[in-house]
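Computed from a prediction, not measured in an experiment: that's the story for all the values here. Note that these values count all heavy atoms, side chains included, but never hydrogens, waters or copies made by symmetry. Lettering of chains follows the sequences in order, A, B, ..., and the numbering in each one begins at 1.
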There are 2 protein chains.
Amino acid sequence: MNVSPLQQRFILHFGEMGSRWGINRTVGQIYALLYVSEQPKNADDIVQALGLSRSNVSMGLKELQSWRLVRSQHLPGDRREYFSAPEDIWEIFHVLVEERRKREIDPTLTMLRDALMETNLDSADRHAAKRMSEMHDLIELTTGWLDDVKGLAPKTLTQLMKLGGNVSKFLKPRAAKNAADSS
Amino acid sequence: MNVSPLQQRFILHFGEMGSRWGINRTVGQIYALLYVSEQPKNADDIVQALGLSRSNVSMGLKELQSWRLVRSQHLPGDRREYFSAPEDIWEIFHVLVEERRKREIDPTLTMLRDALMETNLDSADRHAAKRMSEMHDLIELTTGWLDDVKGLAPKTLTQLMKLGGNVSKFLKPRAAKNAADSS
DNA sequence: TCGTAATTTCAGGAATTACTGAAATTGTAT
DNA sequence: ATACAATTTCAGTAATTCCTGAAATTACGA
């Protein structure tokens, strides 16, 4: 039940990295612990493994659940709650993209759309409006694409990613001249 | 030289969003101001426009330059430094991806590689090691792909993104059954 | 329904991060 | 070289975020 040196290293790294994302150190550590654990863990296991206060663990688990990165279940004959990170790494990847998008991208898209709607275009703001709509369009293109490829099976996605820049070979010739030329 | 309501709105939003990323509110605001400004601005312009202290602006500009999101230049007959955000939004996108990768992804990849190298595989850590190598492989696949498509021209990239999940039509049939079927 | 185990909430304190003004440094024109 | 404008550094303080223990709430078995 104790954390091994390998796990320790992973957990500490994740704690530090967590700070660069929006999540704090202890939340990062809790997630890392659950990610590498084979068996689900209850809150006291986590307290014991990471040396955090019980209340901190409770709050951290809540946050991780709000990110859909951690799930809880009940074990028969035990009334405590057990937590685990989903198995499938593609699912994790997927959820991460979706949640970050929901929290960081969508509000910006909305703000840009609303602000541009209310702007009459021969104001002194022509330049600002142009820049904002460029940003809007790029974000929309990117998120639309993400939505679309999200439906692909992991194997298909892997194939496509390995293909890399070569996918452009399949495009109409007009643009194909820009393809990475690795043949 | 004063910020319009449209700009104001954009700047304030970016300030708030900045906090969700690793950058703080004022750095977000400075970037937003430069992004929507047609002409380069000197530090005092920024102080005046955003109501920050001179030293704070100096530090913020330094940080933005370290992200390569802001450039400086000198105007003839004026010894002050003038700052601006690059014009080309694809370049901005590109730089953002590269910098975030350098700061957030690469250190994790390195840690995973190093930790796994030093691990003998019949330890009690088999599960943790497996999970860590899954993470490693997914990150490597994704960043390798990013490196590769980064070389494509914006037009090509736009075409590909609009194609969305339909690119998988071009793959070998074995995997093509997983393609989004939008025909 | 009651008793107790499990979990959550939350006010206050600890730790971290952000910001400022003053002083130091750098750069440039004379 | 000197004078002064522009910029940066940095120590101290303000603001924010994080974490804890105690109290409250919830969930369950008898």
Side-chain angles (χ1 to χ4, degrees), chain A residues 1 11-12 14-34 39-67 70-84 103-104, chain B residues 1 11-12 14-34 39-67 70-84 103-104:
Chain A
M1 188 51 87
I11 290 167
L12 292 180
F14 244 71
E16 297 315 318
M17 284 330 243
S19 329
R20 303 216 183 167
W21 283 56
I23 71 173
N24 66 35
R25 195 167 40 82
T26 55
V27 173
Q29 292 182 355
I30 295 171
Y31 180 72
L33 174 64
L34 294 175
Q39 302 301 331
K41 285 184 148 33
N42 65 44
D44 286 313
D45 294 339
I46 298 171
V47 165
Q48 202 257 314
L50 302 179
L52 311 170
S53 73
R54 186 53 239 271
S55 49
N56 198 4
V57 168
S58 177
M59 291 187 299
L61 287 168
K62 272 236 155 160
E63 181 167 357
L64 287 167
Q65 284 179 298
S66 87
W67 277 86
V70 160
R71 289 183 186 146
S72 73
Q73 63 190 290
H74 280 277
L75 262 48
D78 187 338
R79 58 199 265 199
R80 288 170 298 180
E81 217 170 350
Y82 282 79
F83 301 89
S84 58
R103 293 161 197 242
E104 294 167 9
Chain B
M1 188 53 82
I11 289 167
L12 292 180
F14 244 71
E16 298 315 318
M17 283 330 242
S19 328
R20 303 218 182 168
W21 284 57
I23 71 174
N24 67 35
R25 194 168 39 83
T26 56
V27 172
Q29 291 182 356
I30 295 171
Y31 181 72
L33 174 64
L34 293 175
Q39 302 301 330
K41 286 186 148 33
N42 65 43
D44 285 314
D45 292 340
I46 299 170
V47 166
Q48 202 258 314
L50 303 179
L52 310 170
S53 74
R54 187 52 240 272
S55 50
N56 199 4
V57 168
S58 177
M59 292 187 297
L61 287 168
K62 272 237 155 157
E63 180 168 358
L64 287 169
Q65 283 179 298
S66 86
W67 278 86
V70 159
R71 290 181 184 147
S72 73
Q73 64 190 291
H74 281 277
L75 263 48
D78 187 338
R79 54 202 267 200
R80 287 170 298 180
E81 216 170 354
Y82 282 79
F83 300 89
S84 57
R103 293 160 197 243
E104 294 166 10

Counterpart residues, salt bridge (charged side-chain N to carboxylate O under 4.0 Å, His left out), relative to [X] (two or more places apart):
X	answer
A/R20	none
B/E104	B/R100
B/R79	none

*Which residues pass the side-chain hydrogen bond (donor to acceptor under 3.5 Å, both in side chains) test with A/R71, sequence neighbours left out?*
A/E91

*Taking only residues two or more places apart in sequence or in another chain, which ones pass side-chain hydrogen bond (donor to acceptor under 3.5 Å, both in side chains) with A/E81?*
A/S72

How many whole angstroms separate atom [atom1] of [X] from atom [atom2] of [N]?
X	N	atom1	atom2	value
A/N56	C/dT7	CG	C1'	14 Å
A/I46	C/dA6	CD1	P	15 Å
B/R80	D/dC4	CZ	P	18 Å
B/L52	D/dA15	CG	P	15 Å
B/D78	C/dG27	CG	P	17 Å
A/L50	D/dT20	CG	P	11 Å
B/E16	C/dA18	CD	P	14 Å
A/Q73	C/dT7	CD	P	13 Å

_side chain to side chain contact (heavy atoms under 4.5 Å, CB included) partners for B/N24, two or more places apart_ = B/T26, B/V27

*Go through the structure and list residues passing side chain to side chain contact (heavy atoms under 4.5 Å, CB included) with B/Q73, not counting sequence neighbours.*
B/P40, B/L75, B/Y82, B/S84

Roughly how far, to the nearest 0.5 Å, is [atom2] of [Y] from [atom1] of [X]?
X	Y	atom1	atom2	answer
B/R25	B/L12	CZ	CG	9.5 Å
A/Q29	A/L34	CD	CG	12.0 Å
B/Y31	B/I23	OH	CD1	9.5 Å

*Could you tell me, to 10°, how much the axis swings from one end of the helix from C/dT1-D/dA30 to C/dT30-D/dA1 to the other, five pairs per end?*
30°

*asked:* To check you understand the geometry: which heavy-atom pair defines the closest contact between A/A32 and A/F14, and what is its length?
replied: CB-CB, 3.6 Å

*Measure across B/D78 and B/R80 and return the closest heavy-atom pair with its distance rounded to 0.1 Å.*
OD1-N, 2.9 Å

Nucleotides 23-30 of chain D: which of its N/O atoms have a protein N/O under 3.5 Å away?
| from | atom 1 | to | atom 2 | distance (Å) |
| --- | --- | --- | --- | --- |
| D/dA27 | N3 | A/R79 | NH2 | 3.4 |

Scan nucleotides 8-13 of chain C against the protein and return all N/O pairs shorter than 3.5 Å with their distances rounded to 0.1 Å.
| from | atom 1 | to | atom 2 | distance (Å) |
| --- | --- | --- | --- | --- |
| C/dT8 | OP2 | A/S58 | OG | 2.8 |

*Strictly below 4.0 Å, heavy-atom distances to any atom of DNA chain D: list the hits from residues 18-25 of chain A, or just say none.*
A/N24, A/R25

Contacts table for residues 54-66 of chain B: side-chain donor-acceptor under 3.5 angstrom, sequence neighbours left out:
| from | atom 1 | to | atom 2 | distance (Å) |
| --- | --- | --- | --- | --- |
| B/S55 | OG | B/S53 | OG | 3.4 |
| B/S66 | OG | B/E63 | O | 2.8 |

